[in-house]
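Single-structure report; data block below.
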Amino acid sequence: MMLRVTWRRVFLGLAGLGLGGLLFVFSGLFNVAATGGHWAVTDWLLHGAMRSSVRTYSLLVEAPPPLDDRALQARGAGHYAEGCAPCHGAPGAPQNPVMQRSTPPPPDFSRDIEDWSPKQLFRIVQHGVRYTGMPGWLAPERHDEIWAMVAFLRLLPELAPEDYRLLADGEMAGRPQGGDGFEAALASCARCHGRDGLGRDGAAFPRLAGLSEAALLSSLRAFAQGDRPGALMQVPVQGMDDAMLQALARHYASQPAAAAPGAPAVAPAVLELGGRIAREGIAAAQVPACLSCHGGAARARNPLWPRLDGQHAAYLETQLGLFRDGQRREPVMRTIGDRLTEAQAKAVAAWFAGQAATP
Ligand code: HEC
Ligand code: HEC
Ligand code: HEC
């Protein structure tokens, strides 16, 4: 006897299969233990799906900035040591053995890293990988931070252990880390900012020395409360209480400022435009003079207005971009960021970086 295929039978058959599957899962016979690892077929399916998804969605990613930039690599490395190495390992620092036992285990980058393009790496780092424990970026809109991580990941396979430590830990390389109390906290900040607050590797980290205690504390609180998105700073301050933030702000405020880093190589006309915006603002666009708040006399009146002179141009420009797109939300600067064009922001940032002490 031949069984005739009808829609009704197909439907009943599928429903039966689904019901059987559900029964199997909820009967408790389906084995969720991670100890056996995935079956080869599950592994192939999951990783295959991941590869295809990454390939497709990476088509939407913007063009990368130049990635062979030491400042970018250092910024990525500083975060990698804290946020990624426990799972993925690093040169001279093998994976945490507990993580090796998760399913699937995080790939061990201390040995090798698969050949992903920069845009594909961006996609993986920004969104993570579902069903695997690979987390997405804490501040997914901070493309500048994610590119810094991509720049570092591209360099990682070539790094000798000593070079890795230097890039990740700066002056704290090779020194014991961890523990509680002020000294341990300061040591964790010093990996990126140095104990003197002057940073390292060019413009990798903003200068903290020379900023007022009030401005430093206001920034630290904004990171700790999630008001100022940025994985690189949110991770180090998470779990610190306000007394510790105050102590750290006090430490960095007491460090002497250094000579200005100098304006980046831009045309004289650009610097001139930047100086004019700082002194006079842009009347037509209703942009006030920056120095009316960021100049020395104004800062003496209100220590919450941060100094910009002596800061790296790249940092200032990035922050103006964050005000423009609403990631930093302080209302006055949010409006000013919105009214400055990218070219004007670049010019005024370059001008401030070349100033020793503004009037
Ligand atoms: C809790 C552990 C964990 C942490 C923390 C973690 N990852 Fe992963 N990561 C994984 C796992 C598991 C996979 C495997 C995903 C897969 O096989 O599809 C993975 C995959 C990746 C991949 C794809 C590699 C490949 O060859 O398939 C990259 C790139 C990556 N992680 C980068 C990072 C970066 C950068 C960080 C830090 C910001 C990070 N990961 C933090 C667990 C982690
Ligand atoms: C992984 C590197 C890294 C570590 C560790 C780190 N920082 Fe930062 N810090 C940065 C970066 C990068 C920025 C710029 C943030 C941005 O662009 O959002 C920053 C910004 C800041 C700012 C804001 C400066 C301003 O002008 O508004 C302060 C204050 C600060 N850090 C203090 C600290 C303190 C205190 C610690 C230790 C608890 C610390 N940082 C740990 C990388 C780091
Ligand atoms: C009315 C006062 C005021 C004026 C005018 C002003 N700012 Fe600000 N600016 C602030 C305050 C307040 C902050 C701190 C914002 C915060 O806490 O997030 C700030 C922060 C900044 C920052 C971030 C600094 C850091 O260390 O993170 C930049 C960059 C900046 N301003 C650039 C400018 C520029 C460029 C102009 C002129 C076009 C300007 N500001 C005009 C008040 C002002």
Side-chain angles (χ1 to χ4, degrees), residues 43 46-47 50-51 54 75-88 99 102-107 109 112-116 120-121 124-125 128-129 131-135 137-139 142 144-145 148-150 152-153 168 185-186 188-193 197 199 204-208 211 215-220 222-223 227-233 235-237 240 244-245 248-249 251-252 277-278 281-282 287-294 298 302 304-308 311 315-320 322-323 327-330 332-333 336-337 339-340 344-345 348-349 352:
D43 201 40
L46 284 180
H47 199 66
M50 179 260 198
R51 293 191 62 87
V54 167
R75 217 176 293 148
H79 184 66
Y80 183 90
E82 211 172 8
C84 322
C87 280
H88 287 292
M99 292 305 174
S102 68
T103 304
F109 296 159
D112 192 21
I113 182 166
E114 217 179 303
D115 213 5
W116 300 98
Q120 290 169 338
L121 284 172
I124 298 172
V125 173
V129 183
Y131 307 127
T132 68
M134 165 65 196
W137 197 256
L138 193 58
R142 286 297 302 268
D144 61 309
E145 289 189 334
M149 181 56 77
V150 171
F152 167 69
L153 289 174
L186 182 59
S188 77
C189 314
R191 291 176 42 238
C192 293
H193 294 290
F205 305 104
R207 289 178 163 194
L208 306 181
L211 285 167
L216 287 164
L217 184 57
S218 156
S219 290
L220 288 174
F223 286 121
D227 290 341
R228 193 175 155 182
L232 271 71
M233 273 307 298
V235 170
V237 296
M240 285 185 181
M244 182 65 85
L245 300 183
L248 290 167
H251 167 83
Y252 280 118
I277 296 173
I282 310 167
V287 173
C290 316
L291 290 176
S292 64
C293 295
H294 293 289
N302 187 342
L304 274 174
W305 292 335
R307 72 179 282 182
L308 306 180
Q311 189 56 280
Y315 171 76
L316 297 176
E317 199 185 330
T318 303
Q319 301 306 309
L320 286 169
L322 296 174
F323 286 119
Q327 296 199 59
R328 278 187 78 170
R329 291 186 286 264
E330 194 280 322
V332 172
M333 282 309 303
I336 291 176
R339 291 178 182 168
L340 285 179
Q344 290 163 344
V348 74
F352 271 113

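Counting convention: from 1, in listed order, for ligands and their atoms alike.
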Legend entry - H88 (side chain) donor-acceptor with P107 (main chain) under 3.5 angstrom: yes
Inset, instruction - Report yes or no: do R142 and Q327 form a side-chain donor-acceptor pair below 3.5 Å? - result: no
Inset, instruction - Answer with yes or no whether R228 contacts ligand 3, where contact means a heavy atom under 4.0 Å from a ligand atom. - result: yes
Legend entry - Atoms of ligand 2, numbered as shown, that sit under 4.0 Å from any heavy atom of L216: 29 (C)
Legend entry - Min N/O separation D144 to ligand 2 under 3.5 Å: no
Legend entry - Geometric N/O contact Y315 with ligand 3, under 3.5 angstrom: yes
Inset, instruction - Give a yes/no verdict on whether any heavy atom in M240 is under 4.0 Å from an atom of ligand 2. - result: yes
Inset, instruction - Would you confirm whether H294, through its side chain, and W305, through its main-chain N or O, come within 3.5 Å as a donor-acceptor pair? - result: no
Legend entry - Part of A289 with heavy atoms under 4.0 Å of ligand 3, whether side chain, backbone, both or neither: backbone
Legend entry - Contact atoms of ligand 2, heavy-atom distance to L211 under 4.0 Å: 26 (O)
Legend entry - Close side-chain approach of F223 to L245, heavy-atom, < 4.5 Å: no
Legend entry - atom 8 (Fe) of ligand 2 neighbourhood, protein N/O/S only, threshold under 2.8 Å: H193 NE2, M233 SD
Inset, instruction - Tell me the protein N, O or S atoms under 2.8 Å from atom 8 (Fe) of ligand 3, in chain and number order. - result: H294 NE2, M333 SD
Inset, instruction - With sequence neighbours excluded, tell me which residues meet side chain to side chain donor-acceptor pair (under 3.5 Å) with W116. - result: none
Legend entry - Sub-3.5 Å N/O-N/O distance, R75 and ligand 2: no
Legend entry - Whether R191 side chain and A168 backbone form a donor-acceptor pair below 3.5 Å: yes
Legend entry - pair F109-Y80: side-chain heavy atoms closer than 4.5 Å: yes
Inset, instruction - Flag the pair L220 / M233 as yes when at least one side-chain heavy-atom distance between them is below 4.5 Å, and no otherwise. - result: yes
Legend entry - L248 and C189, any side-chain heavy atoms less than 4.5 Å apart: yes
Legend entry - For L316, the ligand 3 atoms whose distance to one of its heavy atoms is below 4.0 Å: 29 (C)
Inset, instruction - Provide the number and element of each atom of ligand 3 under 4.0 Å from a heavy atom of V287. - result: 38 (C)
Inset, instruction - Please check if the side chain of Q311 supplies one atom and the backbone of R207 the other of a donor-acceptor pair under 3.5 Å. - result: yes
Inset, instruction - Number the atoms of ligand 2 from 1 as they appear, then name those within less than 4.0 Å of a heavy atom of Q319, with their elements. - result: 16 (C), 17 (O)
Legend entry - Close-contact set for ligand 3 against S292 heavy atoms, below 4.0 Å: 5 (C)
Legend entry - L220, portion touching ligand 2 at heavy-atom distance under 4.0 Å: side chain
Legend entry - Numbering as shown, the atoms of ligand 3 that approach V348 to under 4.0 Å (heavy-atom distance): 35 (C)
Inset, instruction - Output yes when the distance from some N or O of ligand 2 to some N or O of R191 is under 3.5 Å, and no in every other case. - result: no
Legend entry - Under 3.5 Å: N/O of S188 near N/O of ligand 2: no
Inset, instruction - Could you pull out the closest heavy-atom pair between C192 and F205, with the gap in Å? - result: O-CD1, 3.1 Å
Pairs of nitrogen or oxygen atoms, one from ligand 1 and one from the protein, closer than 3.5 Å: please tabulate them with distances.
residue  : atom   : partner : partner atom : Å
ligand 1 : 7 (N)  : H88     : NE2          : 2.8
ligand 1 : 9 (N)  : H88     : NE2          : 2.9
ligand 1 : 17 (O) : H47     : ND1          : 3.4
ligand 1 : 26 (O) : E114    : OE1          : 3.2
ligand 1 : 26 (O) : W116    : NE1          : 3.3
ligand 1 : 31 (N) : H88     : NE2          : 2.9
ligand 1 : 40 (N) : H88     : NE2          : 2.7

Inset, instruction - For the residue pair M149 and H79, establish whether any side-chain heavy-atom pair is separated by less than 4.5 Å. - result: yes
Legend entry - Distance-minimising heavy-atom pair for V287 and R339: CG2-CB, 3.6 Å
Inset, instruction - Answer yes or no: is there a donor N or O on one side and an acceptor on the other, between the side chain of R75 and the main chain of A204, under 3.5 Å? - result: yes
Legend entry - ligand 2 contact by G230, heavy-atom criterion under 4.0 angstrom: no
Legend entry - Sidechain N-carboxylate O distance under 4.0 Å for R228, E330: no
Inset, instruction - Tell me which part of F352 gets within contact of ligand 3: side chain, backbone, both or neither, using heavy atoms under 4.0 Å. - result: neither
Inset, instruction - Quick one: closest heavy-atom pair of E145 and L232, and the distance? - result: OE2-N, 3.3 Å
Inset, instruction - Decide whether an N or O pair under 3.5 Å exists between R328 and ligand 3. - result: yes
Legend entry - Validation row: M50, T132 side chains within 4.5 angstrom (heavy atoms): no
